[in-house]
Amino acid sequence: MEVFDSTKQVLLTLFTNPSSLMYSGTDLLLKPVFLRGFSGSLHLVLLLVLFVSWACKKLKVDASDSEESKERFNNRRVLWNKLTLFCCLGFSLFNLVLCLLSYFYWYRNGWSAEKLVTLLDLVLRTLGWGAICVYLQTQFFNSREQKFSFLLRVWWGFYLSISCYCLVIDIVLYKKHESLPIQYFVSDIVSVITGLFFCYVGFSWRNEDEDSLLLREPLLNGASNGEQSSIKSNWADSVTPFSNAGPFSLLTFSWMGSLIAFGNKKTLDLEDVPQLDSGDSVVGTFPILRNKLEANGGVGSGLTTLKLTTAIIFSIWKEILLTAFLALLYTLATYVGPYLIDTFVQYLSGKREFKNEGYLLVSTFFVAKLVECLSRRHWFFRVQQVGIRIRAVLVAMIYNKGLTLSCQAKQGHTSGEIINFMTIDAERVGNFSWYLHDSWIVILQVVLALFILYKNLGLASIATLLGTMIVMLAIFPLGRMQVKFQDKLMQSKDERMKATSEILRSMRILKLQGWEMKFLSKIIDLRRTETGWLKKFAFTSAVTNFVFLVSPTFLSVATFGACMLLGIPLESGKILSALATFRILQQPIYNLPGTISMIIQTKVSLDRIASFLRLDDLQSDAVERQPRGSSDTAIEVVGGNFSWDNASSNPTLKDINLKVSHGMRVAVCGTVGSGKSSLLSCILGEVPKISGTLKLCGTRAYVAQSPWIQSGKIEENILFGKEMDRERYDRVLEACSLKKDLEILSFGDQTVIGERGINLSGGQKQRVQIARALYQDADIYLFDDPFSAVDAHTGSHLFKDEFMVLIVEVVLGLLRSKTVIFVTHQVEFLPAADLILVMKDGKITQAGKYGDILNSGTDFMELVGAHKQALSTLDSIEGGTGSEKIGISKENGDSSTNGVVEKEGNKVSQKGESDEVAGPKGQLVQEEEREKGKVGFSVYWKFITTAYGGALVPFILLALIIFQTLQIGSNYWMAWATPVSKDTKPPVGGYTLILVYVMLAIGSSFCILVRSTLLITAGYKTATLLFNKMHLCIFRAPMSFFDATPSGRILNRASTDQSAVDLNIPYQVGNFAFSIIQLVGIIVVISLVTWQVFIVFIPVIAMCLWYQQYYIPSARELSRLIGVCKAPVIQHFAETISGSTTIRSFDQEARFQDTNMKLNDGYSRPNFHVAAAMEWLGIRLDMLSVITFAFSLIFLISIPEGVINPAIAGLAVTYGLNLNMLQALVIWNLCNLENRIISVERIFQYSSIPTEPPLVIEANRPDHSWPAHGEVDIRDLQVRYAPHMPLVLQGLTCTFKGGMKTGIVGRTGSGKTTLIQTLFRIVEPAAGQIMIDGINISVIGLHDLRSRLSIIPQDPTMFEGTVRNNLDPLEEYTDEQIWEALDKCQLGDEVRKKEGKLDSRVTENGENWSMGQRQLVCLGRVLLKKSKVLVLDEATASVDTATDNLIQQTLGQHFTDCTVITIAHRITSILDSDMVLLLSHGLIEEYDSPSKLLEDKSSSFSQLVAEYTARSNSSFEK
């Protein structure tokens, strides 16, 4: 009230006695009141002009505003613009501080008209220069103008003149010995300096701008519009500004400002994020760690956890020392406040040691808080920087090890486990950087706390020490339990992720068999085990959190109780100092168990990584590599014994002796499991060598039996790191019959292949593999059954052209010899070989040319005999009688039988129509979808209302509010009820004091326990519901979703995002609410004492919110980019592990390691900049909080003595010490929550995937006996894989009679597999329908359909587990039935040899079974199922002819009355069919019985068989 009264008196004087301001002309111009009034008036005019200018711009429609220049501000001009803006802001803040200091000073010493005018001038200056800041920001960073406006230049010139005039007047008055306030001198000197700077910037740069514009004009005018429009953000090519930032920029994180500003203009993408500095990039840091390890002997088996840890520490020792210094500085600065509170309270009560003691105390508080804020921000940033480096380097080491791992070592670790080393263990070791210094900081904090307490409370500090020890002892067992539960939680999560990964890989077969819900229940069961540990971990965390929050209260009660017992007088200043100390001591008490837990977890992770890095590499001496051209022999093996398992007494390959000269073609044949693939593997150096020598001369190329295709373009898969040579490339495409396939694909060879080549047929994948090998132009080619997945016609073409191309240099047409070794099951390809090797039981039983070995042994005769038997079927069919042709021939386009009608003209029209229907072309695999812009409130609302409809939320908030109220109440009570000094009588007795305090403490403790319990319950329930919903949606998603979505994206949500929901987000929501309530509590306490703090507090809060809104768009998108950039790292890792043999065979390890490093840096880039952005925001919020705190302190020392209670003022200071932390914490929690909530957003994204049709439709359930006959009627069937893709089937109409066998043939990509997928409704028809026994399959449930059909798929799939689980996942059959099925499919004896029999272990993907054996297991499944409709989708592609015949005989015996639909590459597999359907480009070309089609020599089928027969007969003639 005093200030208002004095102001009122001054104003009355001014208006009642105007003559007091009347001076003579000269005197008036010299009076400070005139100068200050004139200056204030000018600034008021400036404000009005700026407002009018802004309003005019808003009303003016400027077309150029819509054309946003995307040019980066990285030139010298922009630097000056920024500096000008910064100076304006600084000058505005300077005037604000001067205004506040003047106000407090004159508040105590009285007011006058001159002082009031001066204060008004300072206020207008603050507003005026603040408005100029906004104007400059708008001009340069929104409209992108490059010159200062005329208005600003005029103002700066005028302002400099006025400032110089004022300074001259000050000097004149000083010379006349007139007393002037020091504020005038300071203000005018600063004004002159800034005026000079602004004039220099405004006028000296004008001419340069015009000159540079003239220089640029011709170039700009000459540029085409296309060139201008192509200017875009290219920070992805520039290094982060951090690498060359100046000291001030580093101190304030200003180097991040440009990226944050850019993030406000547009949604950030990865190309907008700058590259890392070489010191932070894995490319720069990995060699350092590798060299340290090599120097310590930590390579291979010599690597230990200690050596690995030592190498990591020595590679980052400078950063460790720097962060240690920052941590020490921060810790010391935090204790300055508690140490000085007692002195401050004594000062307020009137006990002053010397003059200006108050200002010295305020300055000390201010500097300490400043040092605390700066050191904490840089500490946090630097430890995150260290963590990013460590994680990236460890990932690179794990990746490189995965490339060189021996096959035996790999069998001990599934790909999921190896990926976990990267995603979990390396991440955890990187996160340990946060805890790097905690172990010694805890000790320092406790020592400092005890020192302060001993100074204030004497021996009572012993009680604090004992209390601290008790609390820590209470937390230790909780910490141990947390570690135990977390370990169990991680183990169960590993199990779940391993199962999820395997299921996602095999989702197609699960859907075909109708098993997906069974496997979902398996995942749910694994999750149930995981959530059991999660619940234990969460409740243990809740108890630990309870102890953490209650510990200050417990220590207070113990210490103050000890004071009462020891008779130590309690004074309010000492109590407040103790309370502030307890609050700081709370942190080390809480951190210690977490630190110990993290040390243990990090050690476990380092042990796991070190044990993995110690595993055996491939034998470096297994193959003796010789330079190209150094020997006439390409491959030579002498006395070779090789074994996949070194411990086994029975080698895989025995007594191998082989010599292959350059240019030879060697064929390897034998029955399933005879060691053919192992022979190729040993030549590649994959199989450990027991004895003998193996020499290899020249480069090599390898085609695996199971196609390994990388995600990416077809062109990239073929080139495989080589430069493009168009002529050679076209020759290779032609040789591999890929040109027609590429014509069909919308994007040709630029089509993006899905994960594992998901959107290519089996034949196309294999031919892309062959093309990759051919393009390499190697010396030695190794083909592991390359024709297994290509159709008969294409196989013949490949065979014919491929080996011709191999001996003629594709590019120059020069002859060059090539060595080829190929494994094949197809006997007809053998005569073309120079040498044939017959394998049996791991030995080469026969070797020689075809004619030489034909009659020299039984093994080869068995294979040829089986082939002859197959051909005899062909002869019998060709010798049969003909009848009227069913279907379509080329001559008779109108013939119609069995309801099949199609015309040649129709085919043309259909093709034309399909091109139109194809419509917009699009890639199957799209970029990962990510939400953009602000996270909607609906995401938060859905999240907090997921559990119990949000019913627990009000109770959690109520508990928090009551807790904070009781906490403030208990501290207020202690401050009010204790005397300021010994001389003052206390208001209440000591017993009452402690009793009330204890009661309030118990109440607050109960509230926090309730809050923790309710929060855990809500969080656990939410996590469970979200998990179940997302996984149900994923498992019920159509197959097209899995085709277009790499499994890494799904796994990322199931692991990283789900972990965030399990362990972080619910508690971050709770912490955000808690921090807001705490902040409101502090504001209430401070405002009760010094309501004037709101003068600063309101604009500071407004600025905090503005900063938060300015920061969050960039931070949010960077956080989203982290999620998006992690999936490619995982996916590339998984692909590399599965294709490591192929990568090594092409000697491409270095290229893949470089790719991994680039992807790694791509993931580190947003991580690094998110960390920097957080500290950029944090340091600014901290500065604003420090200003608020300093203002409240200045006000407290300015208030006349006796106006307020010193104890209550001290309480305000105690809470004010936490103001900067809490104010920043609220914004920090809000930003962190928005960053983290993205995980929930991503889970919601996958919880709303379009689902397949219902599994069961109760109204349309077929009879149990359906299908009784198995008749399949296809009517005008049209199919496409996605709305934006072309039709694959273009109107098929035909009928497969019940009980008949139908063979489907056609070139790869003709639609054979698509037809089968439509039959199982993996793909839904775009038009038309399929009827089975009169029931439209589209109107019944998917499970009713799929469970009644059987299939042996193209890619044989086995799951990790046992033989029993693989044959009978649903556990529907007895052991006897399973053994019977195994015997029927020729696997009974093989399984009986194994120790566990039906419980024998099957490794991941069935790797310990050969491809042929896996196919036989699939046959066993259908024998158990005994369905009426059986589909064989190229089922015998991976077995030899003899095994193929056995499969055909088995099917003939057990499926005589079933409808069997066969897609086959071998003509012999379908020659005994009742009908043959020949597809071409998604249309029916021919459909009739084999005998009738063969009668018509012009039919396509007849020509195909003739070609096959000619090739096969030629083999016997030789």
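In this chain, numbering begins with 1 at the start of the sequence shown. Excluded from the calculations below are hydrogen atoms, water molecules and symmetry mates; all remaining heavy atoms, backbone and side chain alike, are included.
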Engineer: Can any side-chain N or O of Tyr335 pair as donor or acceptor with the backbone N or O of Gln445 at less than 3.5 Å?
Structural biologist: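 Yes: the side chain of Tyr335 pairs with the backbone of Gln445.
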
Engineer: Would you say the ring centroid of Phe242 lies under 6.0 angstrom from that of Phe381?
Structural biologist: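 Yes.
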
Engineer: Quick one: are the ring centres of Phe380 and Trp434 less than 6.0 Å apart?
Structural biologist: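 Yes, ring centres under 6.0 Å apart.
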
Engineer: Dump the intermediate steps for side chain to side chain contact (heavy atoms under 4.5 Å, CB included) on Arg377 and Met1174, then the final yes or no.
Structural biologist: CA-CA 9 Å; Arg377 291 295 152 220; Met1174 277 187 172; over 6 Å; no

Engineer: CZ/Phe1074 to CG/Leu1079 distance, rounded to the nearest 0.5 angstrom?
Structural biologist: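 Phe1074 CZ to Leu1079 CG: 12.0 Å, rounded to 0.5 Å.
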
Engineer: Taking the side chain as everything from C-beta on, heavy atoms only, tell me whether Leu332 gets closer than 4.5 Å to Leu448.
Structural biologist: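 Answer yes - side chains close enough.
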
Engineer: Would you name the heavy atoms of Ile1179 and Leu251 that are closest together and state the gap between them?
Structural biologist: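 Here Ile1179 and Leu251 meet closest at CD1-O, 3.2 Å.
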
Engineer: Out of Phe325, Tyr330, Phe253, which one pairs with His378 under the ring pair (Phe, Tyr, Trp, His ring centres under 6.0 Å) rule?
Structural biologist: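 The passing option is Phe253.
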
Engineer: Which atom names give the shortest non-hydrogen contact between Phe366 and Ala1190, and what distance separates them?
Structural biologist: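 For Phe366 versus Ala1190, the nearest heavy atoms are CD1-CB, 3.7 Å.
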
Engineer: Are Trp255 and Phe248 close enough that their ring centers fall under 6.0 Å?
Structural biologist: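 No, too far apart.
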
Engineer: Which distance, rounded to the nearest 0.5 Å, do you find between the CG of Leu453 and the CG of Leu459?
Structural biologist: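 Rounded to the nearest 0.5 Å, the CG-CG separation comes out at 12.5 Å.
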
Engineer: Which value, rounded to the nearest 0.5 Å, describes the distance between Leu360 atom CG and Thr343 atom OG1?
Structural biologist: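 Result: 10.5 Å between the selected atoms.
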
Engineer: Can you find a heavy atom in the side chain of Val336 that is under 4.5 Å from one in the side chain of Phe365?
Structural biologist: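 No, their side chains stay 4.5 Å or more apart.
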
Engineer: Minimum heavy-atom separation for Ala368 to Ala333, with atom names?
Structural biologist: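 The pair with the smallest heavy-atom distance is O-CB, 3.5 Å.
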
Engineer: Check the side chains of Ser191 and Arg125 for a donor-acceptor pair under 3.5 angstrom, ignoring hydrogens and angles.
Structural biologist: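 Yes, Ser191 and Arg125 have a side-chain donor paired with an acceptor closer than 3.5 Å.
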
Engineer: Would you mind reporting whether Met1183 and Leu370 have side-chain heavy atoms less than 4.5 Å apart?
Structural biologist: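 Yes, at least one pair of side-chain atoms sits under 4.5 Å.
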
Engineer: Taking atom OH of Tyr1110 as the centre, report whether more than 12 heavy atoms of other residues, nucleotides or ligands fall under 6.0 Å from it.
Structural biologist: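 For Tyr1110, atom OH is crowded (more than 12 foreign heavy atoms under 6.0 Å).
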
Engineer: Considering non-hydrogen atoms only, spot the tightest contact between Cys373 and Val1186 and give its length.
Structural biologist: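 Of all heavy-atom pairs spanning Cys373 and Val1186, the closest is SG-CG2, 3.8 Å.
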
Engineer: Indicate yes or no: does Asp1182 engage Lys369 in a salt bridge with an N to O separation below 4.0 Å.
Structural biologist: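 Salt bridge absent between Asp1182 and Lys369.
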
Engineer: Tell me if a side-chain donor or acceptor on Ser249 pairs with a main-chain N or O of Ala245 at a distance below 3.5 Å.
Structural biologist: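 No, the answer is negative, given that no donor and acceptor are paired below the 3.5 Å cut-off.
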
Engineer: Show the numbers, then the answer: is there a side chain to side chain contact (heavy atoms under 4.5 Å, CB included) between Tyr1111 and Arg1180?
Structural biologist: CA-CA 11 Å; Tyr1111 152 88; Arg1180 281 151 182 76; over 6 Å; no

Engineer: Report the distance from atom CD1 of Ile260 to atom OG of Ser254, rounding to the nearest 0.5 Å.
Structural biologist: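 Ile260 CD1 to Ser254 OG: 10.0 Å, rounded to 0.5 Å.
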
Engineer: So which atom in Thr323 and which in Ile320 form the shortest heavy-atom distance, rounded to 0.1 Å?
Structural biologist: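 Of all heavy-atom pairs spanning Thr323 and Ile320, the closest is OG1-O, 2.9 Å.
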
Engineer: Are Tyr339 and Lys455 packed together at the side-chain level, in the sense that at least one heavy-atom pair is separated by less than 4.5 angstrom?
Structural biologist: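 Answer yes - side chains close enough.
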
Engineer: Which pair of non-hydrogen atoms, one from Met256 and one from Trp1176, has the smallest distance, and what is that distance?
Structural biologist: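 Met256 and Trp1176 have their closest heavy atoms at CB-CD1, 4.0 Å.
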
Engineer: Distance from Glu1175 atom CD to Arg376 atom CZ, nearest 0.5 Å?
Structural biologist: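 Separation between the atoms: 9.0 Å.
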
Engineer: If you round to the nearest 0.5 Å, how far is OG1 of Thr331 from CD1 of Ile441?
Structural biologist: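 So the CD1 of Ile441 and the OG1 of Thr331 are separated by 4.5 Å.
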
Engineer: Going by heavy atoms in the side chains, are Leu328 and Trp379 under 4.5 Å from each other?
Structural biologist: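 No; the side chains remain at least 4.5 Å from each other.
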
